[in-house]
Amino acid sequence: MAAAAKVQWNTSIRAPEHMAIVITAPIMSVIFLSIVRYNDRDDLVANAVIGTGLFGIWFVAVDVAGGVIQNERWMSTLDLVLAAPRAFGLVVCGRILPVMLIGAFTLLESWLVATVGFGAHLSVRHPGIALAALLVTLFATACTATMLATFFVISRDTTIYQNALSYPFYILGGVVFPLSALPDWIQPAGRVVFLSWSADLLRDSLSGDEVQDVLPRLGAIAGLGALALLLGIYLIRKAAERARRTGTVSLA
Amino acid sequence: MIEVTGLGRVFTKRGRKAKRAQQGGSAAPGSRIVALEGVNLSVPEGETHGILGPNGAGKTTLVKILSTMLLPTSGRARVAGHDVATEADRVRRRIGIVFGGDHGLYTRITARQNLAFWATMYRVDAGVVKRRSQELLERVGLTDRADEPVEGFSRGMRQRLHLARGLIGDPAVLFLDEPTMGMDPLATRDFRDLVHELKAEGRTILITTHDMAEAEALCDRVSLIDHGTVLVTESTATIGRMLSGHDRIDITLREDQAHLLAELAGLSGVERVDKLPEPGTARIHTTSADANPVVLRWLLDAGVDALRTGRPTLEEVYVHLVGNRGLTV
Ligand SMILES: Nc1ncnc2c1ncn2[C@@H]1O[C@H](COP(=O)(O)OP(=O)(O)OP(=O)(O)O)[C@@H](O)[C@H]1O
Ligand SMILES: [Mg+2]
């Protein structure tokens with residue numbers, strides 16, 4: 001996994017296509033924050049900032065997951081990498097991890113937009129918890145995106161999946177508005193999406209109140225992430241088996 | 001080391017055409033491509049075996065099945081003692097795969113970084129990765145460029161890096177699919193030396209090619225395949241004899257020499273004379289290499305000075321072995 005991370009790191013510093021989000025994220029922040037301002041709801045500034053940040057993190061992850069597979073297919077390494085002894089899922093996850101830093105950067109950006117651009121007062125009351133929540137979230141994101149990469153192995157057209165898989169996560173993940181704002185029947189589904197735990201915990205770490213159950217909540221994020229990674233490795237294996245049967249791995 | 005019995009692979013074309021055919025209720029024969037059928041092959045440990053065949057013969061498909069990239073649709077194959085379909089993981093640890101062409105490498109990172117990555121993929125001990133990468137880079141002559149990104153490499157250099165990549169796991173069985181594609185003559189020669197070294201180390205090597213000379217230079221035995229079936233498996237020496245037994249002489253006759261054709265056909269040592277498409281040209285097939293000097297002398301005496309001798313190309317071996325359908329894909 002570390003080896004794959006190195007490949008991606010060295011690849012990304014030479015041509016970071018996934019940097020696009022660095023430009024779009026601030027624009028999104030401006031939109032969200034404008035809505036907040038227009039409605040005189042400065043209490044929701046934190047939501048907007050965290051929302052754009054998580055949006056960015058998730059977007060980058062899915063983008064890279066699809067990109068990795070597409071790229072491997074174009075370079076005809078997908079065949080070879082699937083026929084190597086080590087699990088391909090680890091390669092995918094390893095390659096997503098370093099790019100997560102770009103995702104984290106979008107969080108910083110929307111923070112800057114809020115404080116500098118909109119003059120909002122945002123203070124992190126529990127910086128330790130916020131940082132821990134962020135790190136665990138980055139890990140879980142990479143793991144979950146790995147699981148989604150299964151679809152990219154099966155399908156030759158990854159962009160469809162990239163879009164179709166993104167939006168449900170934004171909603172179920174309580175990224176922009178808290179999960180409790182969703183209809184009752186849909187809330188349990190949101191609980192199994194790690195992003196909803198991340199969003200809640202990050203929001204709480206900004207507020208002044210005592211944050212309850214920090215460790216279990218961090219554990220929930222990490223646990224859901226780890227589960228996704230295991231499932232991802234398993235599903236990719238299955239997808240690879242299928243591709244071996246149908247002969248649809250390479251483009252040639 | 002490689003045991004193949006009754007191996008077959010059928011591709012089912014998907015897509016609109018095939019679907020329509022299915023909806024039409026017909027069996028849709030056009031949507032099935034038989035890439036391999038009833039292939040039997042046995043390659044003992046330490047042998048270098050050549051797979052020869054024209055485009056679309058099924059060479060790559062065979063290599064893909066043996067290297068666990070593709071499942072067979074019928075028959076069985078064992079590599080290094082393990083079934084490629086049911087024990088793929090075990091097979092993967094013992095093999096190396098090299099495809100021709102300049103694909104299959106991470107182009108934005110350096111040669112050395114590529115090798116380091118593939119070393120982990122092949123579970124090479126972290127302690128030996130550095131040393132082995134360096135060794136392989138030296139072996140394929142890439143040390144000077146080892147720390148440059150691969151995107152700046154020429155085809156031949158990529159091809160050599162490919163070979164190093166295939167060797168990173170120290171494989172007992174090596175699959176080479178048209179490995180000299182894109183290499184210049186010098187690189188090809190170095191490559192052949194390298195294959196000889198690998199063979200001397202006791203590795204079993206399966207190599208596909210269109211190039212008869214390459215097969216002759218490298219292989220202990222060769223199999224000719226066409227339309228997904230093995231036509232013949234022979235030791236290279238035997239095929240070589242088969243070849244020299246069917247040398248040929250191409251001649252161009254002036255108009256006043258046209259009568260010579262009939263006389264030639266009756267000459268001893270001449271198997272037959274074929275007219276070639278160019279007016280006035282013909283190809284003389286001799287019965288054996290020994291007959292060539294005799295026939296050549298006769299031609300010179302008769303005043304024929306536009307002539308060319310040559311060994312049969314792969315195409316002619318094909319025509320000879322399977323008749324004229326040989327190269328129609
Ligand atoms: N994934 C695939 N899907 C459908 N048909 C395929 C697939 N792969 C190969 N084929 C078909 O199988 C046949 C054999 O192809 P293969 O690539 O094995 O030939 P080859 O001997 O390697 O040819 P070449 O010399 O051109 O490399 C061809 O008719 C090809 O079109
Ligand atoms: Mg081929």
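Reminder, nothing fancy here: chain letters follow the sequence lines and each chain counts from 1. Since we're looking at a predicted model, the values are computed, not measured.
Contacts between B:V98 and chain A at a heavy-atom distance below 4.5 Å are absent for every atom of the residue. Residue B:R9 touches chain A through its side chain alone, counting heavy-atom pairs closer than 4.5 Å. Only the side chain of B:A88 comes within less than 4.5 Å of a heavy atom in chain A; its backbone stays farther off.
Other residues, nucleotides and ligands contribute more than 12 heavy atoms inside 6.0 Å of the CZ atom of B:R123. For B:R90, the CZ atom sits in a loose shell: 12 or fewer heavy atoms of surrounding residues, nucleotides or ligands are nearer than 6.0 Å. Atom CD of B:E148 has more than 12 heavy atoms from other residues, nucleotides or ligands within 6.0 Å. Around the CD atom of B:E37, the shell of radius 6.0 Å holds no more than 12 heavy atoms that belong to other residues, nucleotides or ligands. For CZ of B:R94, the number of neighbouring non-hydrogen atoms (other residues, nucleotides, ligands) closer than 6.0 Å is 12 at most.
For the pair A:R245 (side chain) and B:L71 (backbone), a donor-acceptor distance under 3.5 Å is absent.
Annotation: the span from A:R86 atom CZ to B:R92 atom CZ amounts to 14.0 Å, rounded to 0.5 Å.
Put simply, the side chain of B:T68 reaches to within 4.5 Å of the side chain of A:R244, judged on heavy atoms.
Residues B:W118 and A:L80 come closest through the heavy atom pair CH2-CB, 3.7 Å. Closest heavy-atom contact between A:T246 and B:F11: O-CD2, 4.2 Å. Taking each heavy atom of B:S67 and A:A83 in turn, the nearest pair found is O-CB, 3.8 Å. Contact record, A:P85 with B:M121: CD-O, 3.2 Å, taken as the closest heavy-atom pair. Of all heavy-atom pairs between B:K64 and A:D79, the closest is NZ-OD2, 3.6 Å.
Partners of A:R217 under the salt bridge (Lys or Arg N to Asp or Glu O under 4.0 Å) rule, at least two apart in sequence or in another chain, are A:D204.
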